[in-house]
Amino acid sequence: YIIERLQKRSALIPILQALQTECGYISEFAMQYIADLMGMSAAEVYGVATFYHFVNTRPKGRFIIRLSRDMSSMMKGAKMVAQQLQNDLGIRFGETTPDGMFTLEWTSCIGMNYQAPAMMVNNEVFSNLTAPKVHRIIEDCRQEYNAHRKPVGNVGETYSNTLNYANHQANAALTKVVAMSPREVIAELTASGLRGRGGAGFPTGLKWQFGAAAKGDPKYMVCNADEGEPGTFKDRIILGKHADMVFEGMTIAAYVVGAREGIVYLRYEYSHLRPHLEAVLEARRRANLLGKDILGRPGFCFDVRIHMGAGAYVCGEETALIESLEGRRGEPRNRPPYPVERGFNNCPTIVNNVETLASACCILDRGAKWFASMGTERSKGFKLFSVSGDCTHPGVYELPWGITVDQLLETVGGKGAKAVQVGGYTGQLVPARQFDRKIAYEDLGIGGSIIIYGPDRDMLEVAENYLEFFIEESCGQCTPCRDGNVKLLEGIRLLKRGTCSNRYLNDLIGLSETIKLTSKCGLGQASPNVIVALNAHFKEEILARPIQGH
Ligand code: SF4
């Protein structure tokens, strides 16, 4: 079995992860050994291992503490938490304690913004951190280690309004679907107007139609659970509370396109969800909702496995995700061909986001008309929003498309905000005077992240945080993204010091346009959005900044 696995390139990352669990890190010797067994070069293995944030290529502590440094966390006291960690452990970020017990690192958003600041201790998540709480967690780690136990995280409940998903009768959609032809299912989904909920907004019915028509065997159904956009956590809530619906949606998609294998690409930061997801899958197998001849329909065979991500924001892009599934660096591919024609292992692959699959279940149970009666002309139905930042009620909200930013702020207790980041770091920074804009594909299309900035927030600190994130997460394939964002960050830091002229700001805008135009994927194409927004909406505030030290 092991030899068979080793011959498959796609086994590389799971093998690295398994080895890391046993040994703590992947040594150069181990890389050479794996390379020999898999018929690869050591350089290839090294290239993959060093691409992912959560693959350790050097020894680390028994407890790796990763503090989230997304903007919501920074606004809610991550710096104070960082100081407390450094004081308690006697080390700085990037270091390991001399006894080999703790390593301290920063990390990107871990999907806990509504309970920020938050951190991971190995795979466990701790949120709503305060200095005394941090101190206690460190002590608990020491005691748990002595008692040979694992620390247990403390993820609390999320504030959310009643989700439509909660009303879904288990497997009602699947039961209806197996009595329909794939063509009828596609027609219903198309009539509903459902668009992909990951951010790009591609019509789901059309994607399934292309999947059904694609030539090739086997076909794969992939659920993109690599929710890495800073400020987004709604997929985590769906997977935690309504995983059945996600698997039901995958099974329906498989029925429509003719896939026999499903893969959930689960981001590493959500490792704590895996036991729950495996249990749900097992229960579905026992109930003949997965496996052979599903629901007694001869020939309808489909099963799902979970593939763990290893920490790379860019893998949320579907072609990068497929590269990662194949055991490579998560670098986006050129398109065409699109995954639906040639995706995983060069076979037709349908990639849908977690929320899209859950929404498809609601539609196929309650009907396209019901869904299409909500929302706007080009944005039908409801949408989940992950709300964090300066508001009284952060959490997950289900709201119809077409509400204004103002209405959303009213709902979540965010009135008086200076600006709102709609759509995560790659989205749009909307200033207060534009809060009458609509959240819908007609105006502000969005994957789900809403970050609210109160009246006293420094927008240059916001931009600096974004650029640091993009530099960290760029896969490095294209020069404009890899090097251009570094230049933009230098510019932001000059602006922060008050030593930047109007002319230099114009140069930064020129560079931003170049990066947007010449980058290969959405990360590079959207990374300068914040600079463009600062120039358009906060220019006077920036240029009036006093020179530091004067
Ligand atoms: Fe990689 Fe950036 Fe190019 Fe995207 S734009 S492919 S993240 S270098």
Side-chain angles (χ1 to χ4, degrees), residues 13 44 46-55 69-70 106-109 196 198-202 222 224 226-232 265 267-269 309-339 342-344 349 351 353 421 423-428 445 447 449 463-492 508-533:
I13 295 171
E44 271 182 285
Y46 180 84
V48 172
T50 52
F51 182 82
Y52 295 95
H53 298 311
F54 294 106
V55 176
R69 67 166 159 198
D70 60 275
W106 288 106
T107 192
S108 303
C109 178
F202 191 81
V222 173
N224 184 346
D226 194 40
E227 177 182 50
E229 188 64 50
T232 316
Y265 187 95
R267 76 185 296 227
Y268 180 89
E269 290 85 339
Y313 164 78
V314 73
C315 287
E317 197 276 345
E318 61 181 3
T319 62
L321 184 153
I322 289 167
E323 284 285 299
S324 182
L325 275 180
E326 291 181 358
R328 302 175 203 282
R329 294 162 65 89
E331 294 174 347
R333 295 176 176 173
N334 289 327
R335 296 189 289 186
Y338 291 91
R342 294 221 303 270
F344 181 53
T349 304
V351 184
N353 157 269
Q421 184 69 38
Y425 286 14
T426 52
Q428 295 193 49
S449 167
E464 185 179 30
N465 182 280
Y466 289 15
L467 264 304
E468 284 171 348
F469 169 79
F470 288 125
I471 290 166
E472 182 71 25
E473 298 297 338
S474 168
C475 80
Q477 263 192 97
C478 14
T479 310
C481 171
R482 187 185 61 236
D483 294 344
N485 282 321
V486 174
K487 287 288 164 205
L488 291 184
L489 180 60
E490 282 174 18
I492 290 293
L508 288 181
I509 297 301
L511 176 59
S512 297
E513 293 305 329
T514 306
I515 297 171
K516 281 163 82 75
L517 275 174
T518 53
S519 289
K520 183 172 170 182
C521 84
L523 188 154
Q525 288 158 9
S527 56
N529 283 357
V530 66
I531 307 265
V532 176

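For ligands, and for the atoms within them, numbers begin at 1 and follow the listed sequence.
Listed by atom number, the atoms of ligand 1 under 4.0 Å from Ser474 heavy atoms are 2 (Fe), 8 (S). In the vicinity of Ser519, heavy-atom distances shorter than 4.0 Å reach the ligand 1 atoms 5 (S). Taking every non-hydrogen atom of Gly524 and a distance limit under 4.0 Å, the qualifying atoms of ligand 1 come out as 5 (S). If you number the atoms of ligand 1 from 1 as listed, the ones under 4.0 Å from a heavy atom of Pro332 come out as 6 (S).
Nearest heavy-atom pair across Leu467 and Ser527 is CD2-O, 4.5 Å. Here the closest non-hydrogen pair linking Ala320 and Pro332 is CB-N, 3.8 Å. Minimum heavy-atom separation, Arg342 to Pro337: NH2-CG, 3.8 Å.
Among the atoms of Cys478, no N, O or S atom falls under 2.8 Å of atom 2 (Fe) of ligand 1.
Side-chain contact, Asn465 with Tyr425: a donor N or O sits under 3.5 Å from an acceptor N or O.
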Test side chain to side chain donor-acceptor pair (under 3.5 Å) on Glu472 and Ser108 and set out the steps.
CA-CA 9 Å; Glu472 182 71 25; Ser108 303; over 6 Å; no
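Crowding of Tyr46 atom OH: a count of heavy atoms from other residues, nucleotides or ligands under 6.0 Å not exceeding 12.
Among protein heavy atoms, atom 2 (Fe) of ligand 1 sits closest to Cys481 SG, 2.4 Å. Summary of contacts: the protein heavy atom closest to atom 4 (Fe) of ligand 1 is Cys521 SG, 2.3 Å. Looking only at protein heavy atoms, the nearest one to atom 1 (Fe) of ligand 1 is Cys475 SG, 2.4 Å.
Residue contacts with ligand 1 include Gln477, since one of its heavy atoms falls under 4.0 Å from the ligand.
Side-chain contact between Phe469 and Asp70: absent, with no pair of heavy atoms (C-beta onward) separated by less than 4.5 Å.
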